[in-house]
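Input: a single structure, listed below in structure tokens.
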Amino acid sequence: MCGIVGYIGAEEAAPVLLNGLKRLEYRGYDSAGIAVLGKTGLQVRKAKGILKNLEDKITPEINSALLTGAMGIGHTRWATHGGPSDVNSHPQTDVSGKIAVVHNGIIENYGKLKRQLEGRGAEFRSETDTEVIAHLIDCYYKGDLVQALIEALKRMEGSYALGIIHEDEPDRIIAVRKESPLIIGVGKGENLIASDVPAILEYTREVYYLDDREIAAVYRDRVEFYDAEGQGREKELAHVSWDAAAAEKGGYEHFMLKEIYEQPKALTDTLRARIKTYAVKSINLEEIGFDETWAEARRVVITACGTAWHAGVIGKYAFEHFARIPADAEIASEYRYRNPVFNPKDIFIIISQSGETADTLAAMRMARKSGARIIAISNAVGSTLAREADLVMYTWAGPEIAVASTKAFTTQLMCVYLIALQFGALRGLIKAEELARYIHELEQLGSHTKRILASREAVQRFAALQFNKTKVFFMGRLFDYAVSLESALKLKEVSYTHSEAFAAGELKHGPIALVDSATLVIAICTQTALFDKMESNIKEVKARGAATAVITFEDTAYFDDTADTIFRIPRTADCLSPILSIIPCQLYAYYCSVQRGLDPDKPRNLAKSVTVE
Ligand code: F6R
């Protein structure tokens with residue numbers, strides 16, 4: 001995820017900025033940059049790759065006093081719009097080079113704004129959405145950066161945390177945020193801005209937490225706050241008591257928990273820019289550029305590994321459901337060694353968080369040779385997968401640091417649903433009003449996940465009672481079966497519990513022989529038409545002594561008399577439920593790991609990115 005730091009005070013800014021950026025390295029990034037304002041004006045330095053590249057570039061200039069100035073802003077970038085490169089790194093500047101901007105978040109209407117600004121003569125150098133902000137502020141600048149920002153913000157849609165400086169205003173840094181965190185650190189004769197606490201801990205523990213749409217003008221000796229209309233306001237200073245390790249995890253005990261909690265935002269970020277709101281809402285997948293020729297497709301083949309394959313299994317069901325097209329979900333490590341039958345009218349969807357998984361890349365290269373169209377779904381801009389696929393749809397989840405995938409999975413699902421729905425619409429199977437209803441449901445998922453997370457203590461208590469179970473089975477039907485697969489994998493990975501997933505209808509064909517009083521069975525029950533079938537399955541395992549838990553919608557009492565424990569999730573369309581029903585299972589796996597005294601972020605024998613066979 002991108003990181004922001006800013007400094008204004010009596011020290012040389014460049015070393016302070018570098019130091020702050022180092023404290024944000026743990027978040028993952030692909031390039032970095034700083035802008036320093038001093039006697040020689042605004043100076044911007046950027047470098048692709050690790051921070052050391054930037055450090056090597058600027059250290060000689062710092063040592064020979066060529067890069068001087070007591071205020072500046074810095075950034076570590078995780079690419080979203082435009083791959084990692086020097087030119088796409090932040091800070092981004094306007095045409096005159098007087099305004100420098102660092103940005104976390106996504107400007108959803110940047111394409112439209114860019115076209116308008118180009119019409120007025122602005123020349124863009126990067127592919128970023130951030131450069132639009134610099135040009136836009138310049139359009140409104142009449143000697144007051146705060147006023148110009150207020151006008152620019154009125155035209156920007158999306159999420160942002162911004163640090164901005166202007167060569168003509170050498171006494172202040174302007175900061176603002178919406179749906180992306182930003183804090184102001186208050187020191188003695190110096191102040192800082194940062195996206196995260198670790199960047200400022202060395203300098204101060206006194207902070208202001210900016211509210212949504214609140215603007216701060218940060219001077220060396222004071223901070224002024226304004227609302228979105230420019231009215232002044234007062235704020236209370238807060239004290240940070242976290243140590244550096246806790247600060248990196250945003251106060252959460254582990255990255256896995258932090259990332260589970262980031263899902264409402266990640267889901268909203270992944271969805272929002274892809275929805276068009278005119279008279280009725282529709283889906284706009286510019287990156288894929290669907291046209292009528294896509295309707296000729298005969299089959300969708302999804303290939304991936306591990307968690308990403310589970311997203312593919314849900315994708316298979318979604319394509320059948322929404323687009324009535326044959327769909328397969330293939331494990332990439334198997335697929336690459338098979339002798340599959342290809343058709344140039346196939347569409348291949350390759351899912352990979354890292355975009356570097358060796359088996360997934362091999363399967364993609366095989367599919368390519370067949371002449372089929374390839375869509376990649378990835379979380380890593382500039383990854384091998386993203387570079388080699390014809391078309392790429394990014395999950396805007398931000399970097400996943402914990403080895404076990406959580407927010408990447410749910411955002412992969414969001415992408416898969418959007419493609420399947422759009423495909424259904426293209427084939428004339430989903431009418432505009434129905435599509436708008438599904439979009440409405442998708443838009444609710446962010447707040448629904450927040451509600452599930454708010455009741456995490458129920459899962460924590462359950463894990464405290466059950467974590468020692470030696471056999472845990474997840475079962476479900478249709479979409480719930482796919483969620484069972486992912487839930488069992490999560491529990492295996494982080495708690496080393498023997499867990500398996502079963503299609504509930506398969507129980508009596510064998511797996512039920514394993515069920516005894518040492519077994520916990522977690523049934524995922526969101527396919528409303530199959531509630532009675534699931535109820536029978538739960539009764540069957542109970543009769544053999546298993547403890548049972550059910551995950552179902554909050555508006556049904558269907559399983560109240562059957563299951564020992566019930567976890568409730570908000571109601572959504574049955575076919576979209578995996579994004580919600582997986583959350584209690586992720587939390588369960590996490591808490592079992594903690595109860596067993598393990599480190600959920602670094603499970604034994606596992607690597608985050610499997611770049612070898
Ligand atoms: C499980 C997990 C793995 C990955 C798999 C594919 O929590 O993270 O199963 O999903 O190794 O990785 P990517 O998506 O990077 O191709």
Side-chain angles (χ1 to χ4, degrees), residues 28 78 254-257 259-260 262-263 266 270 302-315 329-336 348-365 367 374-389 392-416 474 482-497 499 501 578 582-583 585-590 592-593 598-613:
W78 167 264
H254 297 97
F255 284 112
M256 182 178 175
L257 190 61
E259 286 160 10
I260 290 172
E262 281 169 355
Q263 289 179 107
T270 304
I302 309 176
T303 60
C305 295
T307 288
W309 176 66
H310 298 151
V313 176
I314 292 167
E330 303 282 3
I331 295 171
S333 55
E334 287 286 306
Y335 197 70
R336 63 181 291 192
F348 272 81
I349 300 183
I350 319 284
I351 308 179
S352 173
Q353 186 282 129
S354 63
E356 302 294 350
T357 301
D359 287 324
T360 307
L361 291 173
M364 187 259 296
R365 287 169 188 149
I374 314 268
I375 303 175
I377 297 178
S378 182
N379 197 34
V381 177
S383 59
T384 309
L385 177 63
R387 289 198 311 273
E388 291 189 21
V392 191
M393 184 169 180
Y394 289 110
T395 50
W396 284 326
E400 235 182 16
I401 292 170
V403 166
S405 190
T406 52
K407 60 177 180 171
F409 175 68
T410 45
T411 53
Q412 284 162 357
L413 292 184
M414 185 61 91
C415 289
V416 159
F474 291 85
V483 175
S484 301
L485 290 168
E486 172 59 7
S487 305
L489 178 67
K490 264 327 58 106
L491 190 61
K492 276 181 194 131
E493 283 179 293
V494 300
S495 77
Y496 316 150
T497 307
S499 56
I582 190 60
I583 310 267
C585 301
Q586 293 171 341
L587 287 169
Y588 181 65
Y590 169 78
C592 284
S593 174
L598 304 171
D599 179 353
D601 288 343
K602 295 193 190 91
R604 68 184 178 203
N605 309 338
L606 296 178
K608 182 67 186 160
S609 182
V610 187
T611 54
V612 289
E613 267 195 79

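We count ligands from 1, going down the list as the structure has it; atoms in each ligand are counted the same way. Only heavy atoms go into these numbers, but all of them, side chains included; no hydrogens, no water, no symmetry mates.
When only non-hydrogen protein atoms are considered, atom 11 (O) of ligand 1 lies nearest to V610 CG2, 4.1 Å. Atom 10 (O) of ligand 1 has as its closest protein heavy atom T307 N, 3.1 Å. In terms of protein heavy atoms, atom 15 (O) of ligand 1 is closest to S354 OG, 2.6 Å. If you check which protein heavy atom lies closest to atom 12 (O) of ligand 1, you get T357 OG1, 3.4 Å.
Near A404, meaning under 4.0 Å from one of its heavy atoms, ligand 1 places the atoms 7 (O). The distance from ligand 1 to the heavy atoms of K490 drops below 4.0 Å at these ligand atoms: 1 (C), 7 (O). Contact atoms of ligand 1 toward A308: 10 (O), 14 (O) (distance under 4.0 Å to a heavy atom of the residue). Contact atoms of ligand 1 toward C305: 5 (C), 6 (C), 10 (O) (distance under 4.0 Å to a heavy atom of the residue). Contact atoms of ligand 1 toward S352: 13 (P), 14 (O), 15 (O), 16 (O) (distance under 4.0 Å to a heavy atom of the residue). Ligand-side atoms of ligand 1 in range of Q353: 13 (P), 14 (O), 15 (O), 16 (O), range being under 4.0 angstrom from any heavy atom. Atoms of ligand 1 lying under 4.0 Å from any heavy atom of E493, numbered from 1 in the order shown and given with element: 1 (C), 2 (C), 7 (O). For ligand 1, the atoms sitting less than 4.0 Å from at least one non-hydrogen atom of V403 are 8 (O), numbered in the order shown with element in parentheses.
Atom OG1 in T357 sits 8.5 Å away from atom CG in L385 (nearest 0.5 Å).
Every residue two or more places apart in sequence or in another chain was checked for a salt bridge (Lys or Arg N to Asp or Glu O under 4.0 Å) with E334, and none qualifies. Evaluation of the ring-ring contact (aromatic ring centres under 6.0 Å, His included) rule for Y590 yields H254 as partners, not counting sequence neighbours.
Between the side chains of Q353 and T395, not a single donor N or O lies within less than 3.5 Å of an accepting N or O. S499 and T497 are not linked by any side-chain donor-acceptor pair at a separation below 3.5 angstrom, with hydrogens and angles left out of the test. Side-chain polar atoms of T303 and E330 form no donor-acceptor pair below 3.5 angstrom.
Between T360 and ligand 1, a contact under 3.5 Å exists for no N or O pair.
Checked by atom type and distance alone, the side chain of E259 never pairs as donor or acceptor with a backbone atom of E400 at under 3.5 Å.
For the side-chain contact (heavy atoms from CB on, under 4.5 Å) with T411, the lone residue among T270, I377, V416 that qualifies is T270.
Under a 4.0 angstrom heavy-atom cut-off, E356 registers as lying outside contact with ligand 1.
In K602, the NZ atom is not crowded: 12 or fewer heavy atoms of neighbouring residues, nucleotides or ligands sit closer than 6.0 Å.
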